[in-house]
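Note sheet for the following structure.
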Amino acid sequence: MTANTMEELVSLCKRRGFIFQSNDIYGGIKGLYDYGPMGVELKNNLKQSWWKSMIYERDDIEGLDSSILTSPDVLKHSGHEDTFSDPLVDCKACKSRWRADQLEKDSCPNCKSTDLTEPRPFNLMFKTSIGPVDDGSAFTYLRPETAQNIFTNFKNVLTSTNRSVPFGIAQIGKSFRNEITPRNFIFRVREFEQMELEFFVEPGSDEDWHTYWINSRQKWWVNQGIDKNNLHLINVEENELSHYSKATSDIMYKFPHGLEELEGIANRTDFDLGSHTKNQNEFNISAKVMKNDKSTTKLAVHNLESNKWFIPYVIEPSAGVDRGILAILNEAYKEELLAEKNKRIVLALKPHLSPIKAAVIPLKKNNKELVNQTKKIKDNLQKLGLGRVVLENSGNIGKSYRRHDEIGTPICITVDFETLDKQTVTVRDRDTMQQETVNLEQLQNYYLKYFE
Ligand code: GAP
(Lines give C-alpha, C1' and ligand atoms only; values in the text may rest on other atoms or scores of the structure.)
Protein backbone atom coordinates (compact mmCIF):
# COMPACT_ATOMS: atom_id res chain seq x y z
CA MET A 1 0.00 0.00 0.00
CA THR A 2 1.17 3.55 -0.69
CA ALA A 3 -0.11 7.03 0.18
CA ASN A 4 -3.21 8.11 -1.74
CA THR A 5 -2.11 11.69 -2.30
CA MET A 6 0.95 13.91 -2.09
CA GLU A 7 -0.91 15.97 0.56
CA GLU A 8 -0.89 12.99 2.94
CA LEU A 9 2.89 12.81 2.66
CA VAL A 10 3.43 16.56 2.94
CA SER A 11 1.27 16.65 6.06
CA LEU A 12 3.05 13.69 7.72
CA CYS A 13 6.45 15.17 6.83
CA LYS A 14 5.63 18.47 8.52
CA ARG A 15 3.80 17.00 11.52
CA ARG A 16 6.52 14.50 12.37
CA GLY A 17 9.60 16.54 11.51
CA PHE A 18 10.74 14.99 8.23
CA ILE A 19 10.61 17.93 5.80
CA PHE A 20 9.77 21.63 6.13
CA GLN A 21 9.38 24.42 3.59
CA SER A 22 12.66 26.34 3.62
CA ASN A 23 12.71 29.96 4.85
CA ASP A 24 9.15 29.34 6.01
CA ILE A 25 8.89 32.09 8.64
CA TYR A 26 9.63 34.65 5.90
CA GLY A 27 7.09 33.22 3.50
CA GLY A 28 9.27 30.44 2.06
CA ILE A 29 11.21 30.15 -1.20
CA LYS A 30 9.82 27.95 -3.97
CA GLY A 31 11.81 24.85 -4.72
CA LEU A 32 13.76 24.79 -1.44
CA TYR A 33 13.12 22.42 1.47
CA ASP A 34 14.76 21.67 4.82
CA TYR A 35 15.09 18.20 6.32
CA GLY A 36 14.01 18.09 9.98
CA PRO A 37 15.15 15.74 12.78
CA MET A 38 13.52 12.65 11.24
CA GLY A 39 14.25 13.66 7.64
CA VAL A 40 17.96 14.09 8.17
CA GLU A 41 18.24 10.60 9.71
CA LEU A 42 16.23 9.01 6.90
CA LYS A 43 18.30 10.83 4.28
CA ASN A 44 21.60 9.87 5.93
CA ASN A 45 20.46 6.24 6.12
CA LEU A 46 19.53 6.18 2.42
CA LYS A 47 22.84 7.76 1.42
CA GLN A 48 24.73 5.35 3.70
CA SER A 49 22.95 2.39 2.12
CA TRP A 50 23.98 3.60 -1.37
CA TRP A 51 27.57 4.28 -0.23
CA LYS A 52 27.83 0.82 1.33
CA SER A 53 26.53 -0.89 -1.79
CA MET A 54 28.90 1.08 -4.03
CA ILE A 55 32.12 1.33 -2.03
CA TYR A 56 32.19 -1.16 0.85
CA GLU A 57 30.47 -4.13 -0.76
CA ARG A 58 32.44 -3.89 -4.03
CA ASP A 59 36.13 -3.79 -4.82
CA ASP A 60 36.10 -1.63 -7.92
CA ILE A 61 34.78 1.78 -6.77
CA GLU A 62 36.41 4.68 -4.90
CA GLY A 63 34.66 7.59 -3.17
CA LEU A 64 35.02 11.35 -3.65
CA ASP A 65 33.73 14.56 -2.09
CA SER A 66 34.49 17.44 -4.46
CA SER A 67 33.69 21.15 -4.28
CA ILE A 68 30.29 22.55 -5.18
CA LEU A 69 31.65 25.80 -6.66
CA THR A 70 32.84 24.92 -10.13
CA SER A 71 35.05 26.72 -12.64
CA PRO A 72 33.31 28.04 -15.77
CA ASP A 73 36.02 26.22 -17.78
CA VAL A 74 34.72 22.88 -16.51
CA LEU A 75 31.11 23.69 -17.31
CA LYS A 76 32.03 25.12 -20.70
CA HIS A 77 33.78 21.92 -21.79
CA SER A 78 31.08 19.72 -20.24
CA GLY A 79 28.58 21.42 -22.57
CA HIS A 80 26.52 22.92 -19.73
CA GLU A 81 27.13 26.56 -20.63
CA ASP A 82 25.75 25.98 -24.12
CA THR A 83 23.10 23.35 -23.67
CA PHE A 84 21.90 23.10 -20.05
CA SER A 85 18.68 25.02 -20.56
CA ASP A 86 14.92 24.59 -20.59
CA PRO A 87 12.54 26.40 -22.99
CA LEU A 88 11.05 29.44 -21.23
CA VAL A 89 7.89 31.33 -22.25
CA ASP A 90 6.35 34.50 -20.82
CA CYS A 91 2.62 34.98 -20.54
CA LYS A 92 1.96 38.40 -22.09
CA ALA A 93 -1.32 38.75 -20.18
CA CYS A 94 -0.28 38.10 -16.55
CA LYS A 95 3.55 38.33 -16.95
CA SER A 96 4.16 34.91 -15.39
CA ARG A 97 6.92 32.59 -16.72
CA TRP A 98 6.64 28.88 -17.57
CA ARG A 99 8.50 25.92 -19.01
CA ALA A 100 7.14 25.62 -22.53
CA ASP A 101 7.34 21.81 -22.60
CA GLN A 102 5.18 21.50 -19.47
CA LEU A 103 2.23 23.62 -20.61
CA GLU A 104 -1.13 22.03 -21.27
CA LYS A 105 -2.78 23.18 -24.51
CA ASP A 106 -0.15 25.93 -24.85
CA SER A 107 -2.00 28.12 -22.38
CA CYS A 108 -0.84 29.92 -19.23
CA PRO A 109 -1.60 27.78 -16.13
CA ASN A 110 -2.16 31.00 -14.17
CA CYS A 111 -4.64 33.00 -16.30
CA LYS A 112 -5.33 30.52 -19.15
CA SER A 113 -4.27 33.07 -21.78
CA THR A 114 -2.75 31.62 -24.96
CA ASP A 115 -0.92 34.88 -25.69
CA LEU A 116 2.58 33.59 -24.94
CA THR A 117 6.04 34.59 -26.20
CA GLU A 118 8.05 32.22 -28.39
CA PRO A 119 10.08 29.76 -26.26
CA ARG A 120 13.67 30.81 -25.61
CA PRO A 121 16.44 28.85 -23.85
CA PHE A 122 16.87 29.59 -20.15
CA ASN A 123 20.14 28.31 -18.65
CA LEU A 124 19.49 26.49 -15.36
CA MET A 125 22.87 27.09 -13.71
CA PHE A 126 23.25 29.38 -10.69
CA LYS A 127 26.23 31.74 -10.85
CA THR A 128 28.01 33.36 -7.94
CA SER A 129 30.94 35.76 -7.70
CA ILE A 130 34.17 34.52 -6.16
CA GLY A 131 36.85 36.54 -4.37
CA PRO A 132 36.66 40.05 -2.92
CA VAL A 133 35.78 41.94 -6.14
CA ASP A 134 32.14 41.65 -7.11
CA ASP A 135 32.22 43.16 -10.63
CA GLY A 136 31.15 40.02 -12.50
CA SER A 137 34.65 39.29 -13.84
CA ALA A 138 35.38 36.43 -11.42
CA PHE A 139 32.54 33.99 -11.05
CA THR A 140 31.87 30.31 -10.51
CA TYR A 141 28.82 28.14 -10.95
CA LEU A 142 27.05 26.09 -8.31
CA ARG A 143 27.42 22.65 -9.87
CA PRO A 144 24.32 21.42 -11.72
CA GLU A 145 25.41 17.76 -11.28
CA THR A 146 28.06 16.14 -9.09
CA ALA A 147 29.53 14.31 -12.09
CA GLN A 148 31.83 16.97 -13.55
CA ASN A 149 34.35 17.12 -10.72
CA ILE A 150 34.53 13.33 -10.79
CA PHE A 151 35.83 13.66 -14.36
CA THR A 152 38.26 16.45 -13.46
CA ASN A 153 39.61 14.28 -10.60
CA PHE A 154 39.86 11.16 -12.78
CA LYS A 155 43.66 11.16 -12.96
CA ASN A 156 44.08 12.06 -9.27
CA VAL A 157 41.97 9.10 -8.17
CA LEU A 158 43.38 6.69 -10.77
CA THR A 159 47.00 7.28 -9.81
CA SER A 160 46.54 7.69 -6.04
CA THR A 161 44.69 4.36 -5.77
CA ASN A 162 46.60 2.37 -8.44
CA ARG A 163 43.46 1.61 -10.37
CA SER A 164 42.94 0.52 -13.93
CA VAL A 165 39.69 0.20 -15.85
CA PRO A 166 37.07 -1.03 -15.21
CA PHE A 167 36.69 1.00 -12.03
CA GLY A 168 34.36 3.69 -10.73
CA ILE A 169 34.26 6.89 -8.71
CA ALA A 170 31.18 7.53 -6.59
CA GLN A 171 30.03 10.77 -5.04
CA ILE A 172 27.05 12.00 -3.04
CA GLY A 173 26.38 15.71 -2.78
CA LYS A 174 24.34 18.80 -3.49
CA SER A 175 23.50 19.99 -6.98
CA PHE A 176 21.70 23.18 -7.96
CA ARG A 177 19.36 23.99 -10.84
CA ASN A 178 17.38 27.16 -11.27
CA GLU A 179 14.25 25.23 -12.26
CA ILE A 180 11.67 27.48 -13.97
CA THR A 181 8.74 25.74 -12.27
CA PRO A 182 9.79 23.71 -9.24
CA ARG A 183 6.90 21.49 -8.16
CA ASN A 184 5.49 18.36 -6.59
CA PHE A 185 7.04 18.81 -3.13
CA ILE A 186 10.64 17.53 -3.14
CA PHE A 187 10.34 15.97 -6.61
CA ARG A 188 11.56 18.98 -8.63
CA VAL A 189 13.54 21.42 -6.52
CA ARG A 190 16.28 24.00 -7.02
CA GLU A 191 18.73 22.57 -4.47
CA PHE A 192 18.91 18.78 -4.21
CA GLU A 193 21.28 15.90 -3.64
CA GLN A 194 22.50 13.34 -6.11
CA MET A 195 24.16 9.94 -5.68
CA GLU A 196 26.27 9.53 -8.79
CA LEU A 197 28.62 6.82 -9.98
CA GLU A 198 30.91 7.34 -12.95
CA PHE A 199 32.09 3.87 -13.98
CA PHE A 200 35.04 3.90 -16.40
CA VAL A 201 35.34 1.04 -18.88
CA GLU A 202 37.19 0.01 -22.05
CA PRO A 203 35.43 1.11 -25.24
CA GLY A 204 33.65 -1.94 -26.61
CA SER A 205 32.71 -3.26 -23.15
CA ASP A 206 30.43 -0.25 -22.52
CA GLU A 207 27.15 -1.82 -23.65
CA ASP A 208 27.54 -4.86 -21.39
CA TRP A 209 28.40 -2.64 -18.42
CA HIS A 210 25.41 -0.42 -19.21
CA THR A 211 23.09 -3.44 -19.02
CA TYR A 212 24.81 -4.60 -15.83
CA TRP A 213 24.22 -1.26 -14.06
CA ILE A 214 20.61 -0.97 -15.26
CA ASN A 215 19.84 -4.32 -13.61
CA SER A 216 21.88 -3.67 -10.50
CA ARG A 217 20.30 -0.29 -9.80
CA GLN A 218 16.73 -1.60 -10.05
CA LYS A 219 17.55 -4.35 -7.54
CA TRP A 220 19.00 -1.77 -5.14
CA TRP A 221 15.79 0.28 -5.14
CA VAL A 222 13.78 -2.88 -4.41
CA ASN A 223 16.11 -3.53 -1.46
CA GLN A 224 15.24 -0.07 -0.14
CA GLY A 225 11.59 -1.12 0.09
CA ILE A 226 10.23 -0.07 -3.30
CA ASP A 227 7.69 -2.48 -4.76
CA LYS A 228 9.07 -3.60 -8.12
CA ASN A 229 5.60 -3.21 -9.62
CA ASN A 230 5.90 0.53 -9.00
CA LEU A 231 9.19 0.74 -10.94
CA HIS A 232 9.29 0.96 -14.72
CA LEU A 233 12.29 1.04 -16.98
CA ILE A 234 12.18 3.18 -20.10
CA ASN A 235 14.74 3.66 -22.84
CA VAL A 236 15.11 7.36 -23.63
CA GLU A 237 14.26 8.08 -27.30
CA GLU A 238 17.24 8.94 -29.47
CA ASN A 239 16.00 12.48 -30.14
CA GLU A 240 15.65 13.10 -26.39
CA LEU A 241 19.11 11.93 -25.34
CA SER A 242 21.44 14.41 -23.59
CA HIS A 243 24.29 15.71 -25.73
CA TYR A 244 26.76 13.32 -24.03
CA SER A 245 24.72 10.13 -24.22
CA LYS A 246 24.79 7.22 -26.63
CA ALA A 247 21.96 5.46 -24.73
CA THR A 248 20.09 6.21 -21.49
CA SER A 249 17.62 4.13 -19.51
CA ASP A 250 15.50 5.80 -16.85
CA ILE A 251 14.17 4.02 -13.78
CA MET A 252 10.71 5.52 -13.40
CA TYR A 253 8.64 5.35 -10.21
CA LYS A 254 4.89 5.76 -9.68
CA PHE A 255 5.05 8.93 -7.55
CA PRO A 256 1.76 10.24 -6.11
CA HIS A 257 1.65 12.79 -8.98
CA GLY A 258 2.46 10.28 -11.73
CA LEU A 259 5.12 8.06 -13.30
CA GLU A 260 8.39 10.04 -13.33
CA GLU A 261 12.15 9.61 -13.34
CA LEU A 262 13.84 8.40 -10.17
CA GLU A 263 17.26 7.58 -11.62
CA GLY A 264 18.93 7.74 -15.03
CA ILE A 265 21.60 5.31 -16.24
CA ALA A 266 23.52 6.75 -19.17
CA ASN A 267 26.23 5.49 -21.48
CA ARG A 268 28.23 8.75 -21.68
CA THR A 269 30.83 7.25 -24.06
CA ASP A 270 34.21 9.02 -24.07
CA PHE A 271 32.51 12.41 -24.18
CA ASP A 272 33.45 13.59 -20.68
CA LEU A 273 37.07 12.52 -20.39
CA GLY A 274 37.51 13.38 -24.07
CA SER A 275 36.13 16.89 -23.47
CA HIS A 276 38.29 17.58 -20.43
CA THR A 277 41.53 16.01 -21.60
CA LYS A 278 44.69 17.76 -22.70
CA ASN A 279 46.06 16.91 -26.18
CA GLN A 280 42.76 15.64 -27.60
CA ASN A 281 44.36 14.92 -30.97
CA GLU A 282 46.52 12.16 -29.50
CA PHE A 283 43.45 10.04 -28.85
CA ASN A 284 40.85 8.50 -31.03
CA ILE A 285 37.90 10.24 -29.31
CA SER A 286 34.59 8.96 -30.70
CA ALA A 287 32.31 11.62 -29.19
CA LYS A 288 31.92 15.09 -30.69
CA VAL A 289 33.84 17.29 -28.25
CA MET A 290 34.71 20.97 -28.07
CA LYS A 291 38.37 21.84 -28.68
CA ASN A 292 40.17 22.09 -25.34
CA ASP A 293 43.39 24.11 -25.05
CA LYS A 294 43.08 24.88 -21.34
CA SER A 295 43.24 21.46 -19.68
CA THR A 296 46.60 20.64 -18.09
CA THR A 297 46.13 16.87 -17.82
CA LYS A 298 45.71 13.89 -20.12
CA LEU A 299 42.70 11.88 -18.95
CA ALA A 300 43.70 8.61 -20.56
CA VAL A 301 44.76 5.14 -19.42
CA HIS A 302 47.37 2.79 -20.75
CA ASN A 303 46.41 -0.54 -22.29
CA LEU A 304 49.35 -2.81 -21.53
CA GLU A 305 48.46 -5.39 -24.19
CA SER A 306 48.25 -2.99 -27.10
CA ASN A 307 50.69 -0.54 -25.49
CA LYS A 308 48.29 2.24 -26.42
CA TRP A 309 46.75 5.08 -24.42
CA PHE A 310 42.99 5.42 -24.68
CA ILE A 311 40.14 7.50 -23.23
CA PRO A 312 37.75 5.29 -21.22
CA TYR A 313 34.01 5.24 -21.78
CA VAL A 314 31.74 6.11 -18.85
CA ILE A 315 28.58 4.41 -17.57
CA GLU A 316 26.72 6.69 -15.19
CA PRO A 317 23.95 5.64 -12.79
CA SER A 318 22.69 8.97 -11.40
CA ALA A 319 20.02 8.97 -8.69
CA GLY A 320 18.28 11.82 -6.88
CA VAL A 321 18.38 11.51 -3.09
CA ASP A 322 15.28 13.68 -2.64
CA ARG A 323 13.30 11.73 -5.23
CA GLY A 324 14.46 8.56 -3.48
CA ILE A 325 13.16 9.90 -0.15
CA LEU A 326 9.81 10.79 -1.73
CA ALA A 327 9.47 7.33 -3.31
CA ILE A 328 10.44 5.56 -0.07
CA LEU A 329 8.05 7.63 2.06
CA ASN A 330 5.27 6.96 -0.44
CA GLU A 331 5.91 3.21 -0.40
CA ALA A 332 6.10 3.01 3.38
CA TYR A 333 2.95 5.06 4.11
CA LYS A 334 0.01 2.97 5.36
CA GLU A 335 -3.28 3.75 7.01
CA GLU A 336 -4.66 0.84 9.02
CA LEU A 337 -8.09 0.37 10.54
CA LEU A 338 -7.91 -0.89 14.11
CA ALA A 339 -10.57 -2.10 16.52
CA GLU A 340 -13.38 0.28 17.51
CA LYS A 341 -13.06 2.36 14.34
CA ASN A 342 -9.66 3.64 15.39
CA LYS A 343 -7.05 3.99 12.72
CA ARG A 344 -3.31 4.37 12.73
CA ILE A 345 -0.80 5.72 10.24
CA VAL A 346 2.30 3.60 10.06
CA LEU A 347 5.48 4.17 8.11
CA ALA A 348 6.59 0.63 7.28
CA LEU A 349 10.17 1.60 6.41
CA LYS A 350 12.85 -1.03 5.97
CA PRO A 351 14.58 -1.05 9.41
CA HIS A 352 17.94 0.04 7.97
CA LEU A 353 16.28 3.27 6.76
CA SER A 354 14.23 4.05 9.89
CA PRO A 355 15.24 7.41 11.39
CA ILE A 356 15.02 5.91 14.88
CA LYS A 357 15.94 2.30 15.44
CA ALA A 358 14.35 1.87 18.86
CA ALA A 359 12.46 4.00 21.37
CA VAL A 360 12.99 3.14 25.04
CA ILE A 361 10.01 4.31 27.09
CA PRO A 362 9.63 4.42 30.89
CA LEU A 363 6.11 3.54 32.01
CA LYS A 364 6.06 6.57 34.31
CA LYS A 365 7.56 9.89 33.42
CA ASN A 366 8.56 11.05 36.87
CA ASN A 367 9.74 7.85 38.46
CA LYS A 368 13.46 8.30 39.01
CA GLU A 369 14.31 4.61 39.21
CA LEU A 370 12.41 3.81 36.00
CA VAL A 371 13.94 6.73 34.13
CA ASN A 372 17.47 5.82 35.27
CA GLN A 373 17.00 2.23 34.14
CA THR A 374 15.58 3.46 30.81
CA LYS A 375 18.59 5.70 30.29
CA LYS A 376 20.95 2.77 30.93
CA ILE A 377 19.13 0.59 28.39
CA LYS A 378 19.08 3.39 25.84
CA ASP A 379 22.83 4.06 26.24
CA ASN A 380 23.68 0.37 25.88
CA LEU A 381 21.68 0.02 22.66
CA GLN A 382 23.04 3.31 21.31
CA LYS A 383 26.60 2.03 21.78
CA LEU A 384 25.93 -0.81 19.33
CA GLY A 385 26.12 1.82 16.58
CA LEU A 386 23.17 0.83 14.40
CA GLY A 387 21.68 4.33 14.39
CA ARG A 388 19.72 6.65 16.63
CA VAL A 389 18.01 5.23 19.74
CA VAL A 390 15.81 7.58 21.76
CA LEU A 391 14.63 7.82 25.33
CA GLU A 392 10.96 8.73 25.02
CA ASN A 393 10.00 10.25 28.36
CA SER A 394 6.45 11.25 27.46
CA GLY A 395 4.65 9.42 30.26
CA ASN A 396 2.05 8.26 27.76
CA ILE A 397 2.81 4.88 26.20
CA GLY A 398 -0.13 4.99 23.77
CA LYS A 399 0.90 8.37 22.41
CA SER A 400 4.52 7.24 22.11
CA TYR A 401 3.52 4.14 20.12
CA ARG A 402 1.46 6.32 17.80
CA ARG A 403 4.30 8.77 17.18
CA HIS A 404 6.81 5.98 16.58
CA ASP A 405 4.45 4.17 14.19
CA GLU A 406 4.22 7.38 12.16
CA ILE A 407 7.98 7.92 11.99
CA GLY A 408 8.67 4.27 11.28
CA THR A 409 10.51 3.16 14.46
CA PRO A 410 10.67 -0.65 14.18
CA ILE A 411 10.60 -1.42 17.92
CA CYS A 412 9.49 0.27 21.15
CA ILE A 413 10.87 -1.02 24.43
CA THR A 414 8.85 -0.32 27.56
CA VAL A 415 10.54 -0.19 30.93
CA ASP A 416 8.17 -0.87 33.82
CA PHE A 417 8.24 -2.09 37.43
CA GLU A 418 8.83 -5.67 36.22
CA THR A 419 12.08 -4.39 34.74
CA LEU A 420 13.20 -3.34 38.20
CA ASP A 421 11.94 -6.53 39.86
CA LYS A 422 12.50 -9.23 37.26
CA GLN A 423 14.92 -7.65 34.77
CA THR A 424 12.50 -7.88 31.81
CA VAL A 425 11.22 -5.33 29.28
CA THR A 426 8.27 -5.37 26.88
CA VAL A 427 9.18 -5.06 23.21
CA ARG A 428 6.48 -3.95 20.77
CA ASP A 429 6.83 -4.53 17.02
CA ARG A 430 5.76 -1.65 14.76
CA ASP A 431 4.25 -3.79 11.99
CA THR A 432 2.45 -6.52 13.93
CA MET A 433 1.85 -4.47 17.13
CA GLN A 434 2.67 -7.74 18.97
CA GLN A 435 4.33 -7.35 22.34
CA GLU A 436 6.77 -9.77 23.88
CA THR A 437 8.69 -9.96 27.11
CA VAL A 438 12.44 -9.97 26.72
CA ASN A 439 15.01 -10.55 29.43
CA LEU A 440 17.36 -7.59 29.87
CA GLU A 441 20.35 -9.90 29.48
CA GLN A 442 19.11 -10.90 26.04
CA LEU A 443 18.02 -7.46 24.87
CA GLN A 444 21.25 -6.53 23.05
CA ASN A 445 21.25 -9.79 21.07
CA TYR A 446 17.54 -9.42 20.34
CA TYR A 447 18.15 -5.91 19.02
CA LEU A 448 21.19 -6.87 16.92
CA LYS A 449 19.35 -9.84 15.44
CA TYR A 450 16.38 -7.67 14.54
CA PHE A 451 18.56 -5.41 12.37
CA GLU A 452 20.69 -8.19 10.87
N1 GAP B 1 24.78 13.54 -14.12
C2 GAP B 1 23.59 13.22 -14.83
C3 GAP B 1 22.43 13.96 -14.36
O4 GAP B 1 22.54 14.87 -13.57
P5 GAP B 1 19.83 14.09 -14.58
O6 GAP B 1 18.85 13.13 -15.22
O7 GAP B 1 19.73 15.52 -14.97
O8 GAP B 1 21.27 13.50 -14.90
C9 GAP B 1 19.92 12.74 -12.35
O10 GAP B 1 19.73 13.98 -13.01
C11 GAP B 1 18.92 12.57 -11.22
O12 GAP B 1 18.95 13.71 -10.36
C13 GAP B 1 17.47 12.48 -11.69
O14 GAP B 1 17.12 11.16 -12.06
C15 GAP B 1 16.72 12.94 -10.47
O16 GAP B 1 16.55 11.86 -9.56
C17 GAP B 1 17.65 13.96 -9.84
N18 GAP B 1 17.23 15.34 -10.20
C19 GAP B 1 17.50 16.01 -11.32
N20 GAP B 1 16.96 17.25 -11.29
C21 GAP B 1 16.32 17.35 -10.10
C22 GAP B 1 15.56 18.38 -9.46
N23 GAP B 1 15.38 19.58 -10.02
N24 GAP B 1 15.03 18.13 -8.25
C25 GAP B 1 15.23 16.93 -7.63
N26 GAP B 1 15.94 15.93 -8.19
C27 GAP B 1 16.47 16.12 -9.40
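Numbering of ligands and ligand atoms starts at 1, following listing order. Each residue takes its place number in the sequence, starting with 1.
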Where at least one partner belongs to residues 110-153, residue pairs that pass ring-ring contact (aromatic ring centres under 6.0 Å, His included), sequence neighbours excluded:
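ring-ring contact (aromatic ring centres under 6.0 Å, His included) check on residues 110-153 returns F139-Y141.
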Suppose the criterion is ring-ring contact (aromatic ring centres under 6.0 Å, His included): which pairs have a residue in residues 62-101, not counting sequence neighbours?
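Sorted result for residues 62-101: H80-F84.
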side-chain hydrogen bond (donor to acceptor under 3.5 Å, both in side chains) pairs, two or more places apart, involving residues 266-285:
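Checked against side-chain hydrogen bond (donor to acceptor under 3.5 Å, both in side chains) - neighbours excluded - the pairs reaching residues 266-285 are Q148-H276, D206-N267, R268-D272, R268-E316, D270-S286, N279-E282, E282-K298.
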Can you see whether Y401 has R428 sitting over its ring - NZ or CZ less than 6.0 Å from the centre and within 45° of the normal?
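The answer is yes; both the distance and angle limits are met.
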Lys NZ or Arg CZ of R323 over F187 ring: under 6.0 Å, within 45°:
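Yes, R323 and F187 form such a contact.
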List of N/O pairs, ligand 1 versus protein, all under 3.5 Å?
from     : atom 1 : to   : atom 2 : distance (Å)
ligand 1 : 1 (N)  : E145 : OE1    : 2.6
ligand 1 : 1 (N)  : E196 : OE2    : 2.5
ligand 1 : 1 (N)  : E316 : OE1    : 3.4
ligand 1 : 1 (N)  : E316 : OE2    : 2.8
ligand 1 : 4 (O)  : R177 : NH2    : 2.9
ligand 1 : 4 (O)  : Q194 : NE2    : 3.0
ligand 1 : 6 (O)  : E261 : OE2    : 3.1
ligand 1 : 7 (O)  : R177 : NH1    : 2.8
ligand 1 : 7 (O)  : R177 : NH2    : 3.1
ligand 1 : 10 (O) : Q194 : NE2    : 3.4
ligand 1 : 12 (O) : Q194 : NE2    : 3.2
ligand 1 : 14 (O) : E261 : OE2    : 2.6
ligand 1 : 14 (O) : L262 : O      : 3.4
ligand 1 : 16 (O) : L262 : O      : 2.9
ligand 1 : 16 (O) : G320 : N      : 3.0
ligand 1 : 20 (N) : R177 : NH1    : 3.3
ligand 1 : 23 (N) : E179 : OE2    : 2.8
ligand 1 : 23 (N) : V189 : O      : 2.8
ligand 1 : 24 (N) : F187 : O      : 3.3
ligand 1 : 24 (N) : V189 : N      : 3.0
ligand 1 : 26 (N) : R323 : NE     : 3.4

Please check: side-chain N/O of N153 versus main-chain N/O of N149, any donor-acceptor pairing under 3.5 Å?
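Checked: pair present.
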